Each structure stands twice: as C-alpha cells, then as structure tokens.
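Source: prediction; values computed, not measured. Numbered from 1 within each chain, the chains take letters A, B, ... in sequence-line order.
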Amino acid sequence: MDEQKWYQFWEDSGFFKADPSSSKKPYGLLMPPPNVTGALHLGHAMEHSILDAIARFKRMQGFDVLLLPGVDHAGIQFEGTLNKLLEKEGLNKGKLGREEWLKRAWAFKDESYKSVSATWRVMGLSADWSREIFTLDPKVQKAVLHEFKTFFEEGLLYKGAYIVQWCPKDQTAIEAVEMEYEEKKEKLYFVKFKIQDSDEFITVATTRPETISADPAIAIFPGHPKFKHLVGKTAINPFTKAEMQIIEDKRIDKNFGTGALKVTPGHALLDYEIGKDHNLPILHAVDKTGRITDLDPNLKGMKASEARIKAGEILEEMGALEKVEDLTHSVPVCERCKTMVEPLVSEEFFVKMKPLGDKALTRIDEVNFIPKNYGKILADWIKEVHDWCISRPLWWGYRIPVWYCQKCNPGHEVGKDKQSLGPDGPKDMIIAFDHPTQNCQTCKLNEWVQDEKLLDTWFSSGLWPMATLGWPDQTEEFKKYFPWDFETSAGEIKYLWIARMIMLSLHFTDQIPFKNMFFHGMIRDLQGRKFSKSLNNGIDPNELRKQWGTDAVRMALYTYSAPGRDGRANKQTMDERAKNFRNFSTKLTNIARFIVDLKPTDVIATPDLIRGKQSQNKDDQDIIEKLNQTISKVTKNIDKFELHLATETLYNFIWHDLADVYIEKTKTRRAEAQPTLEYVFKISLELLHPFMPFITEELWQKMPHEGKSIMVTAWPVPGLNAE
RNA sequence: GGGUGGUUAGCUCAGCUGGUAGAGCGCUUUCUUGACGUGAAAGAGGUUUCACAGGUUCGAUCCCUGUACCACCCACCA
C-alpha cells in the first residue's frame with residue numbers, strides 16, 4: 001500500500017484545513033510544539049498519534065477541526081545539542097562569536113525542522129499545515145513583547161539577585177538541566193572560629209574552606225544547645241580577621257556537622273537567602289575564572305580546588321582545624337566539561353507570580369484534567385508558586401526587550417532588589433525588540449544597548465495557546481478556536497509549561513487556555529529510564545514505521561496511551577506490538593478480499609437488508625447487535641480519551657467477532673449474508689479510521705461507498721447508518 | 001526533605017459504577033478446508049491467586065489505613 005498516495009490525496013482535497021468561516025462547531029487541538037533539536041522520538045510519535053486520532057474522530061463527527069502544528073526553539077536544550085555538535089568540530093560559542101554562532105544555529109534549526117516535518121507527514125498527521133508556526137516567528141514575537149510590556153506596566157516585573165551556576169571552564173552560566181551530579185569523596189573540614197574577646201571557639205563543618213574569606217557570618221539552628229549563648233556575639237574570620245556575626249536561622253540542619261554553618265551569601269543559594277534575611281553583605285571569594293579573589297591575600301589567584309587544600313593547611317598551622325572527615329556527597333558539575341560549577345549571585349529579571357497564581361486557582365477547575373488528579377497536583381503547585389526568573393544566559397531565542405541608555409546607565413541598573421520596574425521606573429530604559437529610535441529623556445542621546453540575556457523559553461511557549469491564534473490581536477481564529485478543546489502533554493512539564501499556560505492565559509485573556517488537558521504517560525526503557533541520546537536507548541519511530549507500516553506503529557503506540565501511565569519498551573517489545581498490528585492490517589486486507597473480491601454474483605440486497613435490520617437470520621442479527629455495541633463503546637472510549645480501550649475494543653470485534661466467528665458462519669449462506677458483511681465491515685473501517693488512517697482509506701475505497709473519502713464520512717452511530 | 005505514580009501470566013501491559021482474572025508476544029498440540037500459516041482450533045501458564053499486612057463489605061485486583069520495593073517530579077545536599 002502506498003501510504004503517501006493517500007496522504008497526498010487528503011492534503012490536496014483540503015481535508016486538513018480548518019475553516020474559521022464555517023458554520024460547523026469548532027474543535028481545536030493544539031499540538032505541543034516539539035523542540036527543533038533533532039529527529040522526533042517515540043514519545044512524539046505517540047503524542048501526535050493521539051492528537052491525530054481525536055482530530056480525525058471529531059472531523060468525522062462533523063466538527064470544524066483545527067489541529068495546529070508548530071515547533072519550539074527550546075533555548076536551553078537547543079544550545080546544549082548544538083554546542084555538543086560544534087564541539088566535535090572543535091568549535092564553541094567563544095570561538096564563533098554571537099553572530100557566527102547564530103548562523104550555525106539557524107542552519108541547525110532548519111535541518112532539525114526538516115526531519116520533524118517529514119516525520120509528521122509520514123505518521124499521517126492531519127494537521128492544518130497552512131497555519132504551522134514556530135516560536136520565533138514574528139507572530140509569536142508580537143505576543144511576547146505584549147506579554148513583557150504588560151508585565152512591565154502592571155508592575156509585575158522586577159530585577160533581583162539570583163544564584164546562577166557558573167562553569168569556570170566554559171566561562172558561561174549554565175542551567176539546571178545542563179548540570180550533572182557526581183558522587184564525590186570530599187573532605188569535611190571542621191574549622192574553629194575564635195569568639196571575639198573570649199577564649200571560646202565555635203566549630204563549623206565545611207567542604208569549602210577556601211571561601212571563608214567571603215563569610216560575613218556563622219549561623220546556627222535556633223536554640224543550639226552548645227552555641228546558643230554565642231548568638232549576637234562576634235567571631236573572628238581566621239583569614240581576613242574581619243568580624244563575623246553569629247546568628248540563628250531555622251534553615252540550618254541541626255544534624256549536619258556541628259549544627260553551625262558558615263554563611264557564604266555569594267556562593268550558595270541557601271546562604272544567599274539567609275544572608276538576605278539577615279542583611280549580610282554579598283562577598284565573592286571566587287571569581288568567574290574559578291580563581292580566588294583578592295579578598296584573601298594568602299590564596300589570591302589560586303584555583304579554587306588548589307586553594308581548598310592550601311586553606312586547609314593554613315588553618316592547620318593556625319591551630320584552627322579541629323579535624324577533617326571524609327564526606328561523600330553529590331556535587332554539581334557541568335554536563336559538558338565535568339568541571340565543578342561555581343554558584344555566583346547575579347542580577348536577573350523576575351515576574352511576580354502571586355497575582356497570576358491566585359487568579360488561576362479560582363478558575364483551574366474549569367479545565368478537565370485527564371487523569372483527574374493532575375488538577376489537584378497543579379493547584380497545589382500554583383498555591384506555592386514562586387517568582388519566575390525569566391532571564392537566561394543564552395543566545396538562542398528572544399533577547400530581553402530592554403534597552404539601557406549607555407550614557408546615563410552604563411551598569412544597566414534598573415531598580416533595586418524586588419523593586420518593580422514599571423511606568424514609574426527609570427526613564428533611561430526602553431522596552432522594545434528593535435533598537436529604539438527615540439532619544440534618552442535624560443541625556444537626549446540615542447545610545448541604547450540591549451540587555452545581553454535572553455528570555456526563558458517558557459516565556460514564549462507559555463503563550464502558545466494564544467500566540468498561535470494571532471493574539472494579542474482579536475483575530476477571527478482567536479475568537480473561534482480559543483479556548484482550545486484539547487491539549488496534551490507529558491506530565492513531566494506540567495509545572496514548567498501547563499501551569500504557566502493556565503496562569504498566563506487567565507491573566508491576559510480571562511479565559512482558560514484549553515477545556516481538556518490530557519496527560520499521557522512516558523515511554524521509557526525496560527529499566528524505567530527516560531530515553532536519551534546519552535544512554536542511546538532510544539527507539540526510532542521511523543525505523544519501526546518502515547518495518548511494520550504506519551498504521552501498525554500507531555496502533556502499537558495507542559496501547560501505551562493510557563492517561564498518565566508510563567510504559568516501558570525497547571526495540572524488541574515495540575516490534576512485538578507493531579508486528580501484532582501489522583498482522584491485524586493483513587487481517588483487514590484479507591477480510592476485504594473475502595468480502596469484495598470474492599463477492600458472490602447472486603446477491604439480492606435491499607436497503608433494509610443491508611442494514612441488517614430485516615434479516616431474519618440469527619447470525620446477522622447477532623453481528624449487527626455486536627457492531628452497535630462496538631460503536632457505542634468506541635465512541636464512549638474516545639470521548640473519554642481512552643484510546644487504548646477504543647483500539648482494543650475494535651481489535652477484538654473485528655478479529656474475533658467478525659472474522660473468526662461471523663465470517664466463518666456466513667460461508668454456508670454467503671449470498672444472503674453479503675449485505676450484512678459489507679455493512680458491518682464498512683462501519684468497522686470507519687470506526688478504525690482515526691487510528692489506522694491509511695489501511696482504512698485504502699479498503700473503504702474498495703467497498704461500495706458514498707463520498708470522497710473515509711476521512712470525511714460521518715462517524716457511525718448505533719442503529720441506522722446511511723449507505 | 002516534599003510530592004506523584006507503579007507493584008496483575010516468562011516478557012510488555014489492560015482491567016468500566018467493587019460480583020469467580022484478560023490481551024499481545026513467547027510456549028505446547030492439531031489443521032496443506034477455496035479471505036488470511038503475518039492464519040485457524042485447542043491448550044499450559046496467575047503457588048487457595050492481582051507486592052505485603054490489616055480494615056470496610058454478603059463479597060475486594062478495584063475502596064480505606066499502614067509497610068516494603070521500584071520509578072519519576074520538585075527542592076536541597078555546609
């Protein structure tokens with residue numbers, strides 16, 4: 001069978017296109033945009049097969065269906081993938097420079113996109129290609145700017161300090177997903193700090209003695225039995241001789257070390273937060289190259305790892321080292337170069353999320369979550385939503401649309417920590433994607449420089465339900481298809497993406513973004529691990545497709561589509577399932593051969609007899625009855641998005657009830673049964689079409705039928721179905 | 001540390017509102033019948049059974065409580 005022939009036929013017939021001017025009721029399905037970072041994997045194939053089945057089902061039910069396709073630029077993941085490729089050529093961002101690197105990025109994007117797009121089509125996806133969209137398209141850019149500007153005007157935007165993970169070797173900040181954790185055997189130094197004007201000492205356990213110079217305080221858990229009398233007193237920093245406050249904080253783990261922590265606000269998040277609450281200064285003992293700053297004259301210029309050993313020796317000489325223990329713990333390292341990352345504090349953009357979260361909580365019930373409990377999980381998370389750090393140290397994506405006046409504000413400072421930017425904020429700053437044409441209000445010059453950082457990818461993909469329909473403009477499409485009827489996703493990104501879409505959509509449009517939110521499970525390897533390039537455990541959907549046919553692969557994937565349930569697979573188990581459904585395709589072909597090619601010549605059919613209604617034969621009546629039950633059951637299953645049950649029902653009916661039992665029985669009374677055979681099989685094909693689009697079209701066309709394609713025929717209902 | 005899901009036949013998984021356990025693959029036997037051997041028929045296989053222990057119920061794989069193990073997500077790891 002030539003699958004692509006049928007695909008071309010459908011596309012040429014315009015069946016995939018939505019029609020906003022149509023009087024039919026709309027049904028919108030929004031494809032979660034795959035990342036343009038390479039070929040689609042098995043999970044995508046499943047997700048897209050689910051979308052397509054529902055789209056085809058709704059189309060047959062007479063809806064004006066919009067299945068909208070698109071791809072995501074996926075900042076972090078994209079850069080990670082591209083940089084690994086460049087590394088093989090001995091290149092990196094530093095060597096190429098921003099401009100050249102971006103050229104390579106676009107080339108890589110085009111290449112990835114080609115592969116994605118080709119896979120969509122061979123999988124049979126009935127998407128409206130005329131509306132295909134990419135997250136960096138002008139349409140989306142417009143929406144992103146509107147989003148940023150609105151937050152700015154509403155005073156929800158601010159710049160604040162944040163810990164970034166800095167890789168000293170690659171000279172770049174890295175994202176959490178770019179970090180790996182390594183179990184490392186380290187030394188835990190127990191350092192004695194002398195109390196000022198006293199003979200007492202306070203002992204603190206640390207793995208990082210080289211940062212002592214950046215410690216403005218020592219914190220103990222409240223009511224520490226040995227140290228509580230020291231709270232409020234001052235300790236002496238053994239390296240800098242500076243005074244160190246002794247404070248209490250409930251975030252200190254009483255069971256670790258001595259129950260006392262040296263606070264390094266410049267190099268650790270917990271310490272940073274403790275420091276913020278106690279108004280401690282942020283000092284940096286290590287610079288961006290990973291070397292000790294001049295804060296510590298003895299260690300200055302040394303690499304942090306060497307300084308650590310040296311610091312231990314110095315402490316020992318000073319008699320300030322109580323003991324050293326071994327400690328095995330996991331340390332974050334850079335995924336690419338395996339260097340230990342250095343946490344540094346930096347200025348980042350944030351969006352205050354509390355108002356958005358509060359609103360979302362009042363309306364989240366309007367979304368029908370499948371499975372149901374995901375609604376509660378999301379609501380729980382939204383209740384505790386923290387501010388969203390939206391700036392990223394990347395090159396691929398939307399650059400922050402903030403321009404600073406180089407003359408008036410060379411340091412790019414815009415307000416203090418957590419102080420809103422906004423209309424009342426600094427005048428030497430402009431929100432725009434393009435270079436501003438107007439002059440700075442203060443210095444009257446046009447010397448604008450854009451912020452170096454980029455927006456978090458989710459800042460744009462969070463708008464996906466809206467931006468894809470032309471929002472913020474009130475387009476015809478937006479009015480008709482928003483909110484979407486159906487959205488699907490892996491549970492994995494429920495916070496990053498789904499929660500954000502709900503919050504943003506309610507904030508900006510006062511509407512939920514989708515009525516049905518379907519969480520499919522993830523297909524993992526046999527050990528339950530995610531498929532990943534580094535583990536090389538992936539299964540190529542294209543390979544399966546070539547071997548077993550698209551319809552069979554789709555069917556195999558539906559067996560894994562139970563809501564919220566993960567599945568395990570390897571090439572072998574996928575082959576087993578696909579083979580089974582390949583055999584099912586063969587079965588269908590042979591049923592058609594029996595019914596159509598071996599059609600008896602002496603058939604006398606009346607319309608009533610064809611419907612099986614008037615047949616006096618018990619077998620005919622039975623199979624019609626079973627067919628009607630199947631129609632009801634399959635319709636119900638799809639309505640509840642239980643595709644694995646719908647396909648199972650159809651498989652059993654067609655193979656066992658129809659082929660094994662009924663057809664065998666008709667062999668003795670073939671001519672009489674022919675109308676019923678034709679009727680039952682044709683309806684079966686129609687029920688199966690959303691799942692196995694190609695084979696059903698091929699065989700349906702061979703059957704007596706009305707209409708151009710099975711794709712646009714009416715979905716069967718129990719009882720009467722027009723011939 | 002917080003959260004979520006899972007534990008059912010050798011393997012991968014289903015199991016609707018609680019009522020005597022299902023599929024595919026694999027395995028055994030039979031069938032060269034005129035749709036199909038990528039098939040058909042029959043069968044073995046779940047230790048008095050659905051991880052374990054309690055509870056609710058006339059009755060629990062399903063509901064409740066707890067335990068164990070596995071996996072994942074979030075946070076953290078001085």
Side-chain angles (χ1 to χ4, degrees), chain A residues 176 181 183-184 186 188-191 204-209 211 215 218-219 251-253 255-264 267-271 274 327-332 371 373-374 376-378 380-381 384 386 490-496 519 521-530 548-549 552 555-556 559-562 564-570 572-599 633 636-637 640 642 644-645 647-649 651-652 655-656 659-661 663-664 666-667 670 677 681:
Chain A
Y181 288 84
E183 283 289 312
K184 267 208 165 136
E186 295 204 310
L188 186 61
Y189 296 82
F190 286 74
V191 182
V204 172
T206 179
T207 55
R208 302 202 64 185
T211 63
D215 295 341
I218 290 169
R251 285 164 286 197
I252 305 301
D253 182 352
N255 297 319
F256 189 91
T258 62
L261 168 75
K262 68 180 201 59
V263 187
T264 322
H267 293 290
L269 188 55
L270 176 66
D271 298 36
I274 291 173
L327 175 72
T328 305
H329 68 157
S330 59
V331 296
N373 61 327
Y374 276 69
K376 193 187 168 306
I377 297 171
L378 279 171
D380 285 348
W381 183 80
E384 319 237 324
H386 44 261
E492 197 185 31
I493 50 176
K494 57 185 177 293
Y495 305 130
L496 290 171
F519 286 100
M522 282 181 69
I523 304 179
R524 303 171 178 282
D525 73 6
L526 290 185
Q527 283 112 70
R529 299 173 305 183
K530 268 166 77 168
W548 307 109
M555 287 295 272
T559 66
Y560 280 101
S561 74
R565 297 280 280 260
D566 288 353
R568 294 178 180 206
N570 62 9
Q572 191 194 330
T573 64
M574 283 310 299
D575 277 341
E576 283 169 6
R577 291 198 187 201
K579 178 178 153 193
N580 176 232
F581 290 109
R582 189 277 317 266
N583 293 354
F584 184 52
S585 289
T586 308
K587 193 77 184 173
L588 291 167
T589 308
N590 284 309
I591 294 171
R593 188 176 299 160
F594 179 76
I595 294 176
V596 178
D597 298 348
L598 302 178
K599 182 171 179 166
K633 204 167 161 189
K636 203 177 94 189
N637 287 334
K640 292 166 77 178
E642 291 174 327
H644 62 300
L645 297 181
T647 48
E648 191 191 19
T649 303
Y651 177 92
N652 285 333
W655 199 316
H656 300 120
D660 289 345
V661 179
I663 287 181
E664 287 307 318
T666 63
K667 284 179 179 171
R670 183 61 206 277
L677 276 171
F681 187 55

Test of understanding: with ring pair (Phe, Tyr, Trp, His ring centres under 6.0 Å), list the residues that count as partners of A:F519, not counting sequence neighbours.
A:Y374
Got a donor-acceptor contact below 3.5 angstrom from the [X] side chain to the [Y] backbone?
X: A:R670; Y: A:L598; result: yes
X: A:Y560; Y: A:R568; result: yes
X: A:D566; Y: A:M522; result: yes
X: A:N570; Y: A:T573; result: yes

[atom1]-based separation of [M] from [N] [nearest Å]:
N: B:G46; M: B:G15; atom1: C1'; answer: 14 Å
N: B:G43; M: B:G26; atom1: C1'; answer: 14 Å
N: B:U33; M: B:A40; atom1: C1'; answer: 10 Å
N: B:U65; M: B:A23; atom1: P; answer: 33 Å
N: B:A68; M: B:A51; atom1: C1'; answer: 8 Å
N: B:U20; M: B:U61; atom1: P; answer: 10 Å
N: B:U4; M: B:A75; atom1: C1'; answer: 15 Å
N: B:U12; M: B:U17; atom1: C1'; answer: 29 Å

Given atom [atom1] of [X] and atom [atom2] of [N], what is their separation to the nearest angstrom?
X: A:K640; N: B:G15; atom1: NZ; atom2: C1'; value: 13 Å
X: A:I591; N: B:C36; atom1: CD1; atom2: P; value: 12 Å
X: A:N583; N: B:A23; atom1: CG; atom2: P; value: 17 Å
X: A:F519; N: B:C72; atom1: CZ; atom2: C1'; value: 15 Å
X: A:N580; N: B:C25; atom1: CG; atom2: C1'; value: 8 Å
X: A:L645; N: B:A23; atom1: CG; atom2: P; value: 15 Å
X: A:Y189; N: B:A78; atom1: OH; atom2: C1'; value: 14 Å
X: A:L378; N: B:U4; atom1: CG; atom2: P; value: 13 Å

For the residue pair A:F581 and A:F584, categorise the inter-ring angle as parallel (less than 30°), tilted (30 to 60°) or perpendicular (more than 60°).
perpendicular
Does any non-hydrogen side-chain atom of A:K262 lie less than 4.5 Å from one of A:V191?
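Result no, sub-4.5 Å side-chain heavy-atom pair not found.
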Do the side chains of A:I663 and A:F681 get nearer than 4.5 Å, heavy atoms only?
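In short, these two side chains do not touch, never coming nearer than 4.5 Å.
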With a non-hydrogen cut-off below 4.0 angstrom, is [X] in contact with a base, only sugar-phosphate, or nothing?
X: A:L188; answer: sugar-phosphate
X: A:D271; answer: nothing
X: A:R582; answer: base
X: A:T586; answer: base

Please confirm whether the shortest side-chain N or O distance from [X] to OP1 or OP2 of [N] is below 4.0 Å.
X: A:K579; N: B:G26; value: yes
X: A:H644; N: B:G15; value: yes
X: A:N373; N: B:U4; value: no
X: A:K587; N: B:A40; value: yes

Does [N] have a Watson-Crick or wobble partner in any strand here, with both distances under 3.5 angstrom, and which is it?
N: B:U38; result: none
N: B:A78; result: none
N: B:U61; result: none
N: B:A68; result: B:U7
N: B:U48; result: none
N: B:U33; result: none

Between B:G24, B:A35, B:A71, spot the one nearest the side chain of A:Y651, thanks.
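It is B:G24.
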Report the nucleotide, chosen from B:A14, B:A35, B:A78, that has the shortest atom-to-atom distance to any side-chain atom of A:L261.
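Within the option list, the nearest is B:A78.
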I'd like to compare against my own output: the B/S/- annotation of nucleotides 27-34 of chain B with a strict under-4.0 Å heavy-atom distance to protein.
--------
Please determine whether side-chain contact (heavy atoms from CB on, under 4.5 Å) holds for the pair A:T559 and A:Y651, giving the CA-CA distance in whole Å, both sets of side-chain angles, and the decisive distance to 0.1 Å.
CA-CA 11 Å; A:T559 66; A:Y651 177 92; over 6 Å; no
Could you run down the sub-3.5 Å N/O contacts of the protein with nucleotides 11-13 of chain B?
residue	atom	partner	partner atom	Å
B:U12	O3'	A:R568	O	3.0
B:U12	O2'	A:Y560	OH	2.9
B:U12	O2'	A:R568	O	3.4
B:U12	O2'	A:R577	NH2	2.9
B:U12	O2	A:R577	NH2	3.2
B:C13	OP1	A:R568	N	2.1
B:C13	OP1	A:R568	O	3.4

Using heavy atoms to find the nearest nucleotide of RNA chain B for A:T207 and A:G564 separately, return the residue whose nucleotide is more 5′.
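By nearest-heavy-atom nucleotide position, the 5'-most residue is A:G564.
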What are the two closest heavy atoms between A:V204 and A:T258, and how far apart are they?
CA-OG1, 3.8 Å
Counting only heavy atoms not in A:K633, do more than 12 fall under 6.0 Å of its NZ?
no
